[in-house]
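Here is the structure we will look at, set down as structure tokens.
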Amino acid sequence: EVHIPEELKGNREDIHFSLKSGKGGGAPRATDLEGEVDRHLRNLNRDWIDILRLHHYAYVGSALLAEKIAALKQAGKIRSVCLIRHYLQDQLVYADRGSEPEADVDLVIYNYVSRWQEPGIEQAAQAGKGVLVMKALGGQQLSWEHKLLTDWAQAGAETVKRLAVRDISGEELKLVHSFVSGPWHELAEPGETIPRTDTAVQWVLKNQNVSSVLVAV
């Protein structure tokens with residue numbers, strides 16, 4: 001935030017800022033959240049954060065956190081709330097509980113080879129929530145070519161670990177393996193060896209319940 005040009009700061013309706021709370025994928029503490037939001041607002045010279053993002057499990061696991069977010073929303077410091085679902089367990093909890101009233105948007109993993117979020121995406125849409133998709137290209141841990149040229153019928157998590165651009169292990173390795181392994185080559189058009197990345201993005205957007213795709217740089 002300290003590197004954002006002054007021209008982009010201030011209370012403008014044509015530029016929107018999203019804040020992810022919870023270091024390292026953890027749960028923010030309810031007692032710290034308002035101070036965190038205020039610090040970001042000072043850095044941006046703004047009176048509100050357009051989207052507060054945090055993990056679904058953190059939100060549903062703390063009534064105090066949910067109450068604090070509702071209060072910040074009521075005060076106008078947060079305009080909308082986005083709950084992130086990474087793991088299958090998050091999806092199972094979501095399927096059981098349904099969407100959270102204070103949440104406006106869901107951010108979920110969904111791509112051509114990883115479709116287990118489809119029931120939750122449909123639930124969110126039926127509840128009138130926006131749906132943002134991450135990992136539409138299988139994330140940044142493996143190159144596009146590695147995803148396309150690896151025989152995932154034979155390769156497992158150890159192949160992901162070997163090809164990844166940084167060291168990953170444990171639950172993260174299982175998660176990455178779940179959304180990179182599969183028949184990406186089926187996206188290729190006639191005459192293509194490596195399908196274009198936009199083909200994968202367009203496949204995700206064919207789901208009428210998806211609002212937008214977020215692709216990292």
Side-chain angles (χ1 to χ4, degrees), residues 1-87 90-91 93-94 97-110 117 120-121 123-125 127-137 139-141 166 172 175 201 204-205 209-217:
E1 290 170 345
V2 297
H3 298 293
I4 294 174
E6 292 299 320
E7 292 82 0
L8 300 181
K9 297 181 180 181
N11 291 334
R12 297 174 52 173
E13 294 290 352
D14 61 331
I15 295 177
H16 307 284
F17 285 91
S18 174
L19 168 65
K20 182 178 179 181
S21 183
K23 294 181 179 179
R29 294 198 302 179
T31 53
D32 297 338
L33 184 61
E34 186 165 12
E36 180 184 3
V37 169
D38 285 343
R39 183 170 63 256
H40 287 278
L41 293 177
R42 286 193 300 271
N43 288 344
L44 298 171
N45 192 27
R46 288 169 69 91
D47 293 328
W48 67 84
I49 292 290
D50 295 289
I51 306 173
L52 176 70
R53 292 183 293 143
L54 71 158
H55 287 274
H56 181 265
Y57 75 83
Y59 183 89
V60 301
S62 172
L64 287 176
L65 181 60
E67 290 171 6
K68 173 58 70 174
I69 290 172
L72 290 171
K73 205 174 177 184
Q74 180 67 30
K77 292 185 177 183
I78 297 170
R79 284 193 165 179
S80 57
V81 177
C82 174
L83 299 184
I84 308 165
R85 299 200 305 276
H86 274 97
Y87 294 94
D90 298 329
Q91 174 57 31
V93 172
Y94 186 87
R97 291 173 59 102
S99 61
E100 301 300 321
E102 282 292 332
D104 305 281
V105 183
D106 289 333
L107 176 59
V108 299
I109 293 172
Y110 181 55
Q117 286 276 16
I121 290 173
Q123 279 181 276
K129 312 295 183 181
V131 176
L132 305 178
V133 166
M134 55 183 161
K135 317 300 184 188
L137 304 178
Q140 69 270 40
Q141 299 302 336
R166 65 172 178 83
E172 183 185 16
L175 179 64
V201 173
V204 172
L205 290 173
N209 296 324
V210 171
S211 308
S212 187
V213 174
L214 308 182
V215 180
V217 178

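Basis for what follows: all heavy atoms, side chains included, without hydrogens, waters or symmetry-related copies.
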Closest contact, heavy atoms only, [X] versus [Y]:
X      : Y      : answer
Ser80  : Asp50  : OG-O, 2.6 Å
Leu65  : Ala58  : CD2-O, 3.6 Å
Ile4   : Phe17  : CD1-CE2, 3.6 Å
Val81  : Glu102 : CB-O, 3.7 Å
Val213 : Val215 : CG1-CG2, 3.7 Å
Ser99  : Ala127 : OG-CB, 3.3 Å

(message) Please evaluate residues Val201 and Val204 with respect to the criterion side chain to side chain contact (heavy atoms under 4.5 Å, CB included), reporting the C-alpha separation (whole Å), side-chain torsions for both, the decisive distance (0.1 Å), and the verdict.
(response) CA-CA 5 Å; Val201 173; Val204 172; 5.7 Å; no
(request) Name all residues meeting the ring pair (Phe, Tyr, Trp, His ring centres under 6.0 Å) criterion together with His40; count only those two or more places apart in sequence or in a different chain, and write none if there are none. (result) none
(request) Using the ring of Tyr94 (Phe, Tyr or Trp, six-membered ring only), decide whether Arg85 places NZ or CZ under 6.0 Å from its centre and within 45 degrees of its axis. (result) yes
Considering only heavy atoms from C-beta outward, does the side chain of [X] approach that of [Y] to under 4.5 Å?
X      : Y      : result
Val37  : Leu72  : yes
Glu100 : Ile69  : no
Gln140 : Lys135 : yes

Is there a donor-acceptor contact under 3.5 Å from the side chain of [X] to the main chain of [Y]?
X      : Y      : answer
Ser212 : Leu132 : no
Arg12  : Glu7   : yes
Arg53  : Leu19  : no
Asn11  : Asp47  : yes

Mind checking the [atom1]-[atom2] spacing from [X] to [Y]? Nearest 0.5 Å is all I need.
X      : Y      : atom1 : atom2 : value
Lys129 : Asp106 : NZ    : CG    : 8.0 Å
Ser18  : Leu107 : OG    : CG    : 8.5 Å
Lys77  : Leu33  : NZ    : CG    : 10.0 Å
Ile84  : Tyr59  : CD1   : OH    : 14.0 Å
Leu54  : Leu83  : CG    : CG    : 5.5 Å
Cys82  : His56  : SG    : NE2   : 11.0 Å

(request) Using a strict 4.0 Å threshold on nitrogen-to-oxygen distance, state whether Arg79 and Glu13 make a salt bridge. (result) yes
(message) Applying side chain to side chain contact (heavy atoms under 4.5 Å, CB included), can you list everything that pairs with Asn43, at least two apart in sequence or on another chain?
(response) Glu1, Arg39
(message) side chain to side chain contact (heavy atoms under 4.5 Å, CB included), that's the test. Do Val93 and Tyr57 meet it? Break it down for me.
(response) CA-CA 8 Å; Val93 172; Tyr57 75 83; over 6 Å; no
(message) Quick one, Arg166 with Gln141, criterion side chain to side chain contact (heavy atoms under 4.5 Å, CB included). Give me CA distance, side-chain angles, the key distance, then yes/no.
(response) CA-CA 7 Å; Arg166 65 172 178 83; Gln141 299 302 336; 3.3 Å; yes
(message) Counting neighbours of CZ on Arg29 that are heavy atoms of other residues, nucleotides or ligands and sit closer than 6.0 Å, is the number greater than 12?
(response) no
(request) Run the numbers on Leu44 and Ile49 for side chain to side chain contact (heavy atoms under 4.5 Å, CB included), then give the verdict. (result) CA-CA 9 Å; Leu44 298 171; Ile49 292 290; 4.2 Å; yes
